[in-house]
K.L.:
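After the structure tokens below, expect a handful of questions from me.
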Amino acid sequence: MSSVLLHFDDEAAPAAKLAAACGCAIRPIERHRFPDGELRLRLPERLPRVVVLFRGLAYPNEKLVELMLAADTARALGAEQVVLVAPYMAYMRQDIAFRVGEAVSQRIIGRYLANLFDAVITVDPHLHRVETLGEAIPVTDALALSAAPLLGDFVAGRRRAPLLMGPDSESAKWVASAAAAHGFDHAVCSKVRHGDRNVEIALPEMAVAGRSVVIVDDVASTGHTVAVATQLLLAAGAASVDLAVTHALFAEGALALVREAGVSEVWSTDAIAHPTNAVSVAPLIAEALLPLMAR
Ligand code: R5P
């Protein structure tokens, strides 16, 4: 055994799916929470040269501490290469100080992870003002995979001649990539965010009347972006509006909000476990991970 995939108890199912796709060994990390909230982790006693740590980073704060404890311990137990697989990468949206004094979380968390890991693999990280994941997380192998083509394939099986719509300019790359293989029409809205739950959206100047529109985005969090875009699309005569999203973060009440706005179907990838999961990212991640495991 030259590599092993380690995971936490709350992610046993997606970790097992990935291990099966890679054909690699898988072991749990024991986790004890002390009454004061501190954590004690216990890794397997013997570790191979390559250790893959599987940890999705939705609701990330405590998980970032787990990563520090686990990565350091893995090295103490003999690992020479420690790889992080985080299907959802947190803190990527705060990529500049929007107001003087704000922490640029993307850069800070990126450096933190780069100090812990030799390689990082994630899916559709929210890279807006930086081009590559390596700029945000400066490790040699910083791999940003995209589930957008998989979402495009899924949509192709569900809707005939859909119009793929990105809710904001940042979504342009995912929308174009989801549309590419099938030659779907696609466009993006423009969006101004006034607060966590307050967004203003303008539709692109094109006819949407009678079209089956599928909103494509990397993340749905509060659901307000999707809800506002949906209301505008339906008011403009769209025949239906569905949502295809990589990361179903869906904060409390968000799914109900998008449904009330008129979204018919919600399809997400399992990069974050959610009842709307329709597309698996395990084969995509396995393809990127296998060469690292073979080193
Ligand atoms: C931001 O630009 C992202 O691509 C999403 O559009 C955004 O995070 C969605 O947030 P919410 O669901 O809270 O509107």
Side-chain angles (χ1 to χ4, degrees), residues 56-60 86-99 102 104-106 109 122-133 136 144-152 164-179 186-204 213-234 241-269 271-272 274-277 279 281:
L57 291 174
Y59 300 94
Y88 174 70
M89 179 56 68
Y91 283 113
M92 291 292 108
R93 283 170 286 181
Q94 185 82 23
D95 58 1
I96 55 167
F98 293 93
R99 290 173 306 157
E102 279 181 0
V104 182
S105 313
Q106 184 193 73
I109 298 296
T122 190
V123 181
D124 289 335
H126 191 90
L127 302 177
H128 182 203
R129 276 160 283 254
V130 303
E131 284 292 311
T132 64
L133 184 63
L145 314 177
S146 183
L150 301 177
L151 289 171
L164 304 193
M165 185 65 70
D168 50 32
S169 61
E170 288 122 283
S171 60
K173 60 185 170 190
W174 294 296
V175 177
S177 145
H186 58 96
V188 294
C189 305
S190 52
K191 177 173 96 179
V192 180
R193 184 176 284 283
H194 299 294
D196 289 344
R197 291 178 166 75
N198 184 2
V199 296
E200 196 181 318
I201 289 180
L203 295 182
V213 180
V214 179
I215 296 176
V216 175
D217 207 358
D218 60 332
V219 182
S221 179
T222 67
H224 281 265
T225 297
V226 172
V228 172
T230 300
Q231 285 161 345
L232 291 170
L233 287 161
L234 291 173
V241 179
D242 303 300
L243 169 64
V245 66
T246 301
H247 300 294
L249 263 181
F250 286 126
E252 201 176 336
L255 191 56
L257 184 83
V258 304
R259 292 212 185 281
E260 280 161 23
V263 172
S264 306
E265 299 286 340
V266 178
W267 304 303
S268 64
T269 80
I272 293 176
H274 191 266
T276 59
N277 288 170
V279 172
V281 293

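For ligands, and for the atoms within them, numbers begin at 1 and follow the listed sequence.
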K.L.:
Let me confirm one number: the CH2-CG distance from W267 to D242, rounded to the nearest 0.5 Å.
P.N.:
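Output value for this atom pair is 4.0 Å.
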K.L.:
Name the closest protein heavy atom to atom 13 (O) of ligand 1, giving the residue it belongs to and the distance to 0.1 Å.
P.N.:
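Atom 13 (O) of ligand 1 sits closest to the protein heavy atom T222 OG1, 2.6 Å.
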K.L.:
In terms of atom number and element, which parts of ligand 1 are under 4.0 angstrom from non-hydrogen atoms of A220?
P.N.:
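Taking each heavy atom of A220 in turn, ligand 1 has 12 (O) under 4.0 Å.
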K.L.:
Checking a contact table here: which protein heavy atom is nearest atom 14 (O) of ligand 1, and how many Å away?
P.N.:
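Here the closest protein heavy atom is T225 OG1, 2.5 Å.
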K.L.:
For ligand 1, indicate whether the residue D217 contacts it via side chain, backbone, both or neither (heavy-atom separation under 4.0 Å).
P.N.:
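Near ligand 1, D217 shows its side chain, while the N, CA, C and O stay back.
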K.L.:
Verify, without hydrogens or angle tests, whether D95 (side chain) and R129 (backbone) share a donor-acceptor contact under 3.5 angstrom.
P.N.:
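Between the backbone of R129 and the side chain of D95 there is a qualifying donor-acceptor contact (under 3.5 Å).
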K.L.:
Say whether R93 and ligand 1 are in contact under the criterion: heavy-atom distance to a ligand atom below 4.0 Å.
P.N.:
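It does, in that a heavy atom of R93 comes within the 4.0 Å cut-off of ligand 1.
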K.L.:
Is there a donor-acceptor contact under 3.5 Å from the side chain of S171 to the main chain of D217?
P.N.:
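Looks like no, no N/O pair under 3.5 Å.
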K.L.:
Examine distances only and state if a side-chain atom of E102 and a backbone atom of A97 form a donor-acceptor pair shorter than 3.5 Å.
P.N.:
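Such a contact is absent between E102 side chain and A97 backbone.
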K.L.:
Can you report which non-hydrogen protein atom sits closest to atom 1 (C) of ligand 1, along with the distance?
P.N.:
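Result for atom 1 (C) of ligand 1: H126 CE1, 3.4 Å.
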K.L.:
So does T276 get a backbone contact from the side chain of S268, meaning a donor-acceptor N/O pair under 3.5 Å?
P.N.:
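Between the backbone of T276 and the side chain of S268 there is a qualifying donor-acceptor contact (under 3.5 Å).
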K.L.:
Can G223 be said to touch ligand 1, with heavy atoms closer than 4.0 Å?
P.N.:
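Yes, that is the case, since the closest heavy atom of the residue is under 4.0 Å from the ligand.
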K.L.:
Taking the non-hydrogen atoms of D168, is any one of them nearer than 4.0 angstrom to ligand 1?
P.N.:
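Under 4.0 Å: yes for D168.
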K.L.:
Starting from atom 10 (O) of ligand 1, which protein heavy atom do you reach first, and at what distance in Å?
P.N.:
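Checking every protein heavy atom, the shortest distance to atom 10 (O) of ligand 1 gives R193 NH2, 3.2 Å.
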K.L.:
Under a 4.0 angstrom heavy-atom cut-off, which atoms of ligand 1 come close to E170?
P.N.:
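Contacts of ligand 1 toward E170, numbered from 1: 2 (O).
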K.L.:
Please name the residue in the list H126, H247, H128 that meets the side-chain hydrogen bond (donor to acceptor under 3.5 Å, both in side chains) test with D218.
P.N.:
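Among H126, H247, H128, the one that satisfies the side-chain hydrogen bond (donor to acceptor under 3.5 Å, both in side chains) with D218 is H126.
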K.L.:
For ligand 1, is P167 a contact, meaning one of its heavy atoms is under 4.0 Å away?
P.N.:
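No.
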K.L.:
I need the single residue from L127, V123, T122 that forms a side chain to side chain contact (heavy atoms under 4.5 Å, CB included) with M89. Which is it?
P.N.:
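Answer after filtering L127, V123, T122: T122.
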K.L.:
Say whether, by atom type as modelled, one donor and one acceptor occur between the side chain of R259 and the main chain of S264 under 3.5 angstrom.
P.N.:
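Such a contact is found between R259 side chain and S264 backbone.
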K.L.:
For ligand 1, note which part of S221 has a heavy atom under 4.0 Å away: side chain, backbone, both or neither.
P.N.:
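S221 to ligand 1: contacts from backbone and side chain alike.
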K.L.:
Would you mind finding which of I215, L257, V219, D218 brings a heavy atom closest to atom 9 (C) of ligand 1?
P.N.:
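Nearest heavy atom to atom 9 (C) of ligand 1 lies in V219.
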K.L.:
Say whether, by atom type as modelled, one donor and one acceptor occur between the side chain of D168 and the main chain of S190 under 3.5 angstrom.
P.N.:
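Not confirmed, D168 side chain does not pair with S190 backbone.
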K.L.:
Can a non-hydrogen atom of R197 be found less than 4.0 Å from any atom of ligand 1?
P.N.:
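No, that is not the case, since the closest heavy atom of the residue is not under 4.0 Å from the ligand.
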